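To start, the structure under review is shown below, and the notes come after it.
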Amino acid sequence: MSRLVIVSNRVPVPDKGGVAPAGGLAVALKVALEEHGGIWMGWSGTSSGKHEPAPLAHLQQGNVTYALTDLTDTDVEEYYHGFANRVLWPICHYRLDLAEYGRKEMAGYFRVNRFFAHRLAPLVKPDDVLWVHDYHLIPLAAELRQMGLKNRIGFFLHIPWPPADVLFTMPVHEEIMRGLSHYDVVGFQTDHDLENFASCLRREGIGDEIGGGRFSAYGRVFRGGVYAIGIETAAFAEFAQKASTNSTVKKARESIEHRSLIIGVDRLDYSKGITQRIDAFERFVLDNPAYRGRVTYLQITPKSRSEVPEYEAMQRTVAEQAGRVNGALGAVDWVPIRYITRSVGRRILAGLYRLGKVGLVTPLRDGMNLVAKEYVAAQDPDDPGVLVLSRFAGAARELRGALLVNPYDIEGTANAMARALSMPLEERKERWQLMMDHLLEHDVSRWCRNFLNDLTA
Ligand SMILES: O=P(O)(O)OC[C@H]1O[C@H](O[C@H]2O[C@H](CO)[C@@H](O)[C@H](O)[C@H]2O)[C@H](O)[C@@H](O)[C@@H]1O
Ligand SMILES: O=c1ccn([C@@H]2O[C@H](COP(=O)(O)OP(=O)(O)O)[C@@H](O)[C@H]2O)c(=O)[nH]1
């Protein structure tokens, strides 16, 4: 294959020691990049204030070049906090009520995409293959095409694609769909997302499937496919096994004592269903008094997108709720919920997942949810925990051994917690094996290969 050029809003920039931060996506794409040689371009995460951003910063790691650009304060506000995270994110997560439309933000989104295109184009050679990631950069291919680029360009959406009636509430939905038609391959996490996308094209009379996984729309033909993202399953399982000697994991194990651990790990995001989950945990304890003092619920929730008002408000809501439940249920020798808003390193996380008798992953809507897959990969094969998983996470389409729940149904989720904690070993092993076999086969390298094969076919 020719040289690979990856573009994403966030770039896992290698640290000073030259090691890219761990993370399934980063690892898989880095391997693909190293195999073919290439460029990873994106936002540096830094603002240049009011000034025009300095030229791209280049960071060379073997045959991979990281090309990073700053954005101005206005760009960050309008493109990232504004249109990407206050319009596209809520709409794609079915939250019409939270979408905040503003002409300024919409214009900023398209302007920053044009800016990315202008910075990227001079780096691209005619036979390079481009792979663009996620909702921040949908119009990028259209901008590059306008500049005359004829390269193969693929797009992968990490978040859900909503049904037509939801998408069409967005004033610029037409431009967004037109933007996607400029790619050669458009990839989604699940068959539901692809179906929704196809029905959006049909409903507007814009286009349709023409067979062989191809779509015709706006006078262009492109492939639309399902590529469920995986994790580095084998490596993650090994981290988890080795983590038992890690001092933080040891301390956690000792502090839990004789109690069963329920674990939840999510960015602080309204899509993750954290408030409903705490309600369900409270319901579970009230309905199952035998578990009072015998269970600890650890919720690790790093703050995220704090400049966006809905996220800032949520920080307060969840902290208050966890405090209220602890106050109401706790005892002098028992704190039911341990709530942490700092980010935890992946190796420690692997060890903590393994301590969890129950992994609670109950988003209201989620593109995939890698935490669900990591929880399974981290389990002890001889004594695996049980995954309680929202049916509205992309991962639910694959992880058939999980206890599937509707996160809006508080009692149902509470019942699933009770069932998970009392599940016999044989059933736990059976369910776990089913999921682990799937995850080992469908890991992140396979995801990467499948997408790139279709893009270069
Ligand atoms: O970059 P941030 O604004 O800090 O947000 C973090 C990432 O969140 C989203 O992750 C999604 O991708 C995961 C991997 O495919 C998937 O499992 C999950 O369901 C999605 O929510 C977002 O899509 C990324 O672009 C962000 O970088
Ligand atoms: O304290 C934390 C919390 C989360 N994660 C990682 O963040 C990712 C979250 O991905 P997911 O797909 O579950 O959700 P997203 O945040 O991308 O919407 C997973 O790989 C987690 O291991 C982490 O490294 N430290």
Side-chain angles (χ1 to χ4, degrees), residues 6-13 21-29 42-45 76 79-82 84-86 88-90 92-93 132-138 155-161 187-190 193 227-233 235-236 239-240 243 248 263-274 298-308 311 339-353 359-378 387 389-390 392-399 444 447-448 451:
I6 289 172
V7 195
S8 58
N9 177 61
R10 284 228 185 260
V11 179
V13 186
L25 179 62
V27 172
L29 293 181
W43 179 33
S44 62
V76 175
Y79 147 83
Y80 176 69
H81 297 141
N85 285 323
R86 285 195 96 188
L88 287 174
W89 180 273
C92 288
H93 289 85
V132 179
H133 289 264
D134 237 350
Y135 57 104
H136 316 86
L137 297 171
I138 293 174
F155 178 83
F156 183 75
L157 184 71
H158 290 255
I159 65 175
W161 185 270
F188 299 93
Q189 298 270 29
T190 70
D193 301 316
Y227 310 87
I229 193 169
I231 59 166
E232 348 124 60
T233 314
F236 204 83
F239 287 168
T248 308
I263 185 165
V265 177
D266 315 75
R267 264 182 317 101
L268 189 49
D269 193 307
Y270 50 79
S271 63
K272 303 291 182 183
I274 301 167
L298 171 63
Q299 177 63 48
I300 298 173
T301 305
K303 289 183 186 163
S304 162
R305 306 174 191 166
S306 304
E307 288 83 355
V308 177
Y311 289 75
Y339 177 57
I340 296 174
T341 57
R342 277 190 315 278
S343 175
V344 173
R346 283 167 51 78
R347 284 174 191 261
I348 295 177
L349 213 47
L352 296 177
Y353 287 140
L360 265 190
V361 181
T362 57
L364 304 179
R365 192 67 59 177
D366 215 331
M368 178 51 64
N369 198 297
L370 297 180
V371 165
K373 295 188 170 183
E374 292 168 357
Y375 174 77
V376 172
L387 177 65
L389 178 62
S390 162
F392 303 124
R397 310 288 301 145
E398 297 174 80
L399 299 179
V444 72
W447 168 77
C448 206
F451 189 94

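Everything quoted here is computed from the prediction, not taken from an experiment. FYI, side chains are in, hydrogens and waters are out, and symmetry mates aren't considered; it's all heavy atoms of this structure. Counting convention: from 1, in listed order, for ligands and their atoms alike.
- Taking a cut-off of under 4.0 Å to the non-hydrogen atoms of Gly367, the atoms of ligand 1 that pass are 19 (O).
- Around atom 14 (O) of ligand 2, the closest heavy atom drawn from Arg267, Lys272, Gln189 belongs to Lys272.
- Remark: ligand 1 atoms within the under-4.0 Å shell around heavy atoms of His136 are 25 (O).
- Atoms of ligand 2 found under 4.0 Å from any heavy atom of Arg346, numbered from 1 in the order shown, are 20 (O), 22 (O), 24 (O).
- In terms of protein heavy-atom proximity, atom 20 (C) of ligand 1 is nearest to His158 O, 3.7 Å.
- For ligand 1, the atoms lying closer than 4.0 Å to a non-hydrogen atom of Ile229 are 15 (O).
- Atom 3 (O) of ligand 1 has Tyr80 OH, 2.5 Å as its closest protein atom, hydrogens excluded (heavy atom only).
- Residue-ligand proximity, Leu370 to ligand 1, at heavy-atom distances under 4.0 Å covers atoms 14 (C), 17 (O).
- Closest to atom 27 (O) of ligand 1, if we only count protein heavy atoms, is Arg10 CG, 4.1 Å.
- Residue Ile159 places no N or O, backbone or side chain, under 3.5 Å from any N or O of ligand 1.
- Proximity of Glu374 to ligand 2, defined as any heavy-atom pair under 4.0 Å, is confined to the side chain (atoms from C-beta onward).
- The protein non-hydrogen atom at the shortest distance from atom 17 (O) of ligand 1 is Asn369 N, 3.0 Å.
- Polar contact with ligand 1: present for Gln189 (N/O pair, distance under 3.5 Å).
- Tyr80 and Arg10 share a donor-acceptor pair across their side chains, judged by distance under 3.5 Å alone.
- Comparing Asp366, Leu157, Asp266 against atom 18 (C) of ligand 1, the shortest heavy-atom distance belongs to Asp366.
- Which of Val265, Ile300, Thr341 comes nearest to atom 3 (C) of ligand 2 through a heavy atom is settled by distance: it is Val265.
- Distances from atom 10 (O) of ligand 1 to the protein include no heavy-atom value under 4.0 Å.
- Residue contacts with ligand 1 for Arg267 involve side-chain atoms from C-beta outward but no N, CA, C or O (heavy atoms, distance under 4.0 Å).
- From the protein, the heavy atom lying nearest to atom 25 (O) of ligand 1 is Asp134 OD2, 2.5 Å.
- The protein heavy atom nearest to atom 7 (C) of ligand 1 is Arg305 NH2, 4.1 Å.
- Other residues, nucleotides and ligands contribute over 12 non-hydrogen atoms within 6.0 Å of the CZ atom of Arg397.
- At a 4.0 Å heavy-atom cut-off, ligand 1 touches Trp89 through the side chain alone.
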